[in-house]
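Some notes on the structure that comes next.
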Amino acid sequence: MKSPFLFLLSSFLMGSLLAQEVDSQAIDSLPTKTILVVDSIAVQSFDSDLPKTIIATQTKDSTVYDLQDNAMARKLDSVWLDKLYNNDLFEEVYGSITQQTYEPVDYEELPTEVLKQRLKELDARTPFNVEYNPALESVIKGYLKNRRRTMSQLMALSDYYFPMFEEELDRQGLPLELKYLAIVESALKPTATSRVGAQGLWQFMFSTGKIFGLEVNSYVDERSDPLMATEAAAKYLNNLYDSLDDWDLALAAYNSGPGNVSKAIRRSGGHRNYWNIRHHLPRETAGYVPAFLATMYIFEFAEEHGFKSNGPKYPYIATDTIRVKKMITLEQVSRITQVDLAEIEFLNPSYKLGIIPVIKDENYVLRLPVEEVGKFVNNEEAIYALAEKELNEREKPLPKFFEQNDRIRYRVRSGDFLGKIANRYGVSVRKIKQWNGLRSDRLRIGQRLTIYPRKLAKTPSNSGVASNAVAKSGKTYTVKNGDSLWSIAQKFPGVTVEQLKKWNDISGTKLKPGMTLKVSKG
């Protein structure tokens, strides 16, 4: 008679072998195709004792996944995508609010009388107090004169986000014009982080986000989820309006808290019109409502000022979500679906480490272009099996964390690409591009990249700690109290925030008084 223990052991082993066979069969069911890859490198040879550079090439076959579904043409505008993935407007928008001077701006294309008439029209069709005053005129004309390119880019981004905002605002019975608030808050960048730690399109602080149901953990920051953050922002704005009974005051409270608004009302002697209490509010809040009204004016009268959006051919409604059943990385999704990793990251900005976890009582979703959703669902079992197999083969723990100040300098080698480097150090492609001011995915051999790793590389790399020394050649500037990258860039004509970051190897926006910055190339 067979022992019960031996029976259970043999059943367990048979089950394990069967599971492995099923997983292997599932993985093998993923369709693949073979492509020809040409690799080239410049090498030196000697001809009659003289060096000569020749190009050595090697061709090889490479297998990639080729998921199939119902045929659907997918032509995304590359210029539009580049604007989506490389939105560097946050610092500029934030700087324009905190550094606003309200001095008269000479802009002949918009006579004061015409502006007054348009503001009167706007006031009649919105619940906001859109009344003419010289300060608002200064902001509007300043934007039109000095920030046309920025406003044009924001209009293109709005084509993607505004349908999402309007749907939620309408659902909660709020003015649709509140969609312009996200421009003032984050320049429509879902991963924007302020100097005080506010995060996302609607710039929620950690504690406020928690109050309105936005979860933050090691893997996920729901403040960066466009849908969830928009729902939370609408609830918060509703609460503020119920308390203050005035939309201008609600906007001011959204920026600096209802407590600051209450104090400003007391200090003004009980006035409740925003423009009457404005000089009692914090400096940033004093510029906040004018920035909102100026943005609303320019968007509402965009055609009259010659703006034309070149936004997405396939907007937000051309995407859909899939509830994730097993842990998977965005890099795996990109590789399996053949959708660019930058696009996957853009559509799923709340996953801080590029990993979608599976946690009890949480329904985390993957957002994909609608034509890729069917392909994923059709091959779901095999995709999860492959993801699980690869994750199990990784060195544990996954991933290993390091402090952000553990910076390395990585030297690009033959065969490197951004996705490979990002995976090696446990960071996202978007972050590498942001840290290094990259506008495309192209790399060159020998190029140096600044990386803040979240895990150690498996193999040694030719990297070292970056030098903070400023080059002796070229102009320099010493940072003072109250300076920001945007305000410094304004002091030097032709210099942009991104150039300052690149020349000084800066990844974030924090500056310390006394720092020496290089403000010209050379």
Side-chain angles (χ1 to χ4, degrees), residues 77 79-80 82-84 87-163 165-166 169 175-189 247-248 251 275 287-313 315 486 489-490 493-494 496-497:
D77 186 342
V79 175
W80 157 245
D82 185 63
K83 288 180 179 178
L84 283 181
N87 176 6
D88 298 318
L89 304 175
F90 176 62
E91 181 69 18
E92 180 183 342
V93 171
Y94 181 82
S96 72
I97 296 171
T98 57
Q99 306 295 327
Q100 185 63 250
T101 61
Y102 307 103
E103 295 294 328
V105 176
D106 183 25
Y107 189 72
E108 295 180 357
E109 292 87 338
L110 180 59
T112 299
E113 289 306 314
V114 173
L115 176 61
K116 286 181 178 180
Q117 180 59 39
R118 289 176 180 171
L119 291 178
K120 190 175 181 180
E121 292 176 23
L122 201 54
D123 183 60
R125 64 178 191 244
T126 73
F128 300 92
N129 299 314
V130 192
E131 297 177 3
Y132 170 83
N133 63 68
L136 180 56
E137 179 178 25
S138 171
V139 179
I140 290 173
K141 289 186 174 181
Y143 282 7
L144 288 171
K145 183 175 182 178
N146 304 316
R147 298 181 57 208
R148 284 195 68 88
R149 180 172 172 271
T150 298
M151 298 308 294
S152 181
Q153 287 179 284
L154 289 169
M155 286 180 188
L157 286 162
S158 74
D159 284 346
Y160 179 82
Y161 285 111
F162 277 6
F165 297 165
E166 290 170 342
L169 292 168
L176 299 188
E177 291 85 1
L178 284 170
K179 63 191 176 185
Y180 300 122
L181 189 62
I183 291 178
V184 180
E185 284 288 341
S186 65
L188 299 181
K189 184 173 185 177
W247 277 115
D248 291 353
L251 293 178
W275 296 98
Y288 187 77
V289 173
F292 169 80
L293 295 176
T295 301
M296 178 166 63
Y297 166 81
I298 292 173
F299 271 71
E300 293 291 325
F301 291 95
E303 188 174 337
E304 286 83 348
H305 288 288
F307 288 103
K308 290 184 179 179
S309 171
N310 56 348
K313 294 179 181 177
W486 185 86
Q490 300 306 297
T496 66
V497 170

Applying side-chain contact (heavy atoms from CB on, under 4.5 Å) to V289 and F128, what does each step give before you reach the verdict? CA-CA 10 Å; V289 173; F128 300 92; over 6 Å; no
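- Residues P163 and S158 come closest through the heavy atom pair CD-O, 3.9 Å.
- Within the 4.5 Å cutoff, side-chain heavy atoms of M155 are placed close to those of I298.
- L154 and L188 get closest at one heavy-atom pair: O-CD1, 3.8 Å.
- Between Y297 and F301, the ring center distance clears the sub-6.0 Å criterion.
- A cation-pi arrangement is present between R148 and F307 under the rule of less than 6.0 angstrom and at most 45 degrees off the ring axis.
- In this pair, F165 and F162 present their aromatic rings tilted. The plane angle is within the 30 to 60° band.
- With values rounded to the nearest 0.5 angstrom, T126 atom OG1 is found 8.5 Å from E300 atom CD.
- To the nearest 0.5 Å, the span separating CG on N146 from NZ on K141 amounts to 13.0 Å.
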For side-chain contact (heavy atoms from CB on, under 4.5 Å), just list the numbers for L110 and R118, CA-CA rounded to whole Å, side-chain angles, deciding distance to a tenth of an Å, and then say yes or no. CA-CA 11 Å; L110 180 59; R118 289 176 180 171; 3.7 Å; yes
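- Between S138 and V105 the shortest heavy-atom distance is O-CG2, 3.7 Å.
- Atoms CZ and CD, on R147 and Q153 in that order, are 10.5 Å from each other to the nearest 0.5 Å.
- Residues L251 and L178 meet the side-chain proximity criterion, which asks for heavy atoms closer than 4.5 Å.
- How far CD of Q117 is from CG of L115: 10.5 Å, rounded to the nearest 0.5 Å.
- Summarising the geometry, atom CG belonging to L293 is positioned 8.0 Å from atom CG belonging to L122; distances are rounded to the nearest 0.5 Å.
- A cation-pi geometry, defined here as NZ or CZ lying under 6.0 Å from the six-membered ring centre and within 45° of its normal, holds between K116 and Y132.
- Ring pair Y180/F299 is tilted by interplanar angle, where 30° to 60° counts as tilted.
- Here L119 contributes atom CG and N129 contributes atom CG; the two are 12.5 Å apart, rounded to the nearest 0.5 Å.
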Test side-chain contact (heavy atoms from CB on, under 4.5 Å) on V130 and M296 and set out the steps. CA-CA 10 Å; V130 192; M296 178 166 63; 3.9 Å; yes
Please assess E137 against Y107 for the test side chain to side chain donor-acceptor pair (under 3.5 Å), listing each intermediate value before the final yes or no. CA-CA 10 Å; E137 179 178 25; Y107 189 72; over 6 Å; no
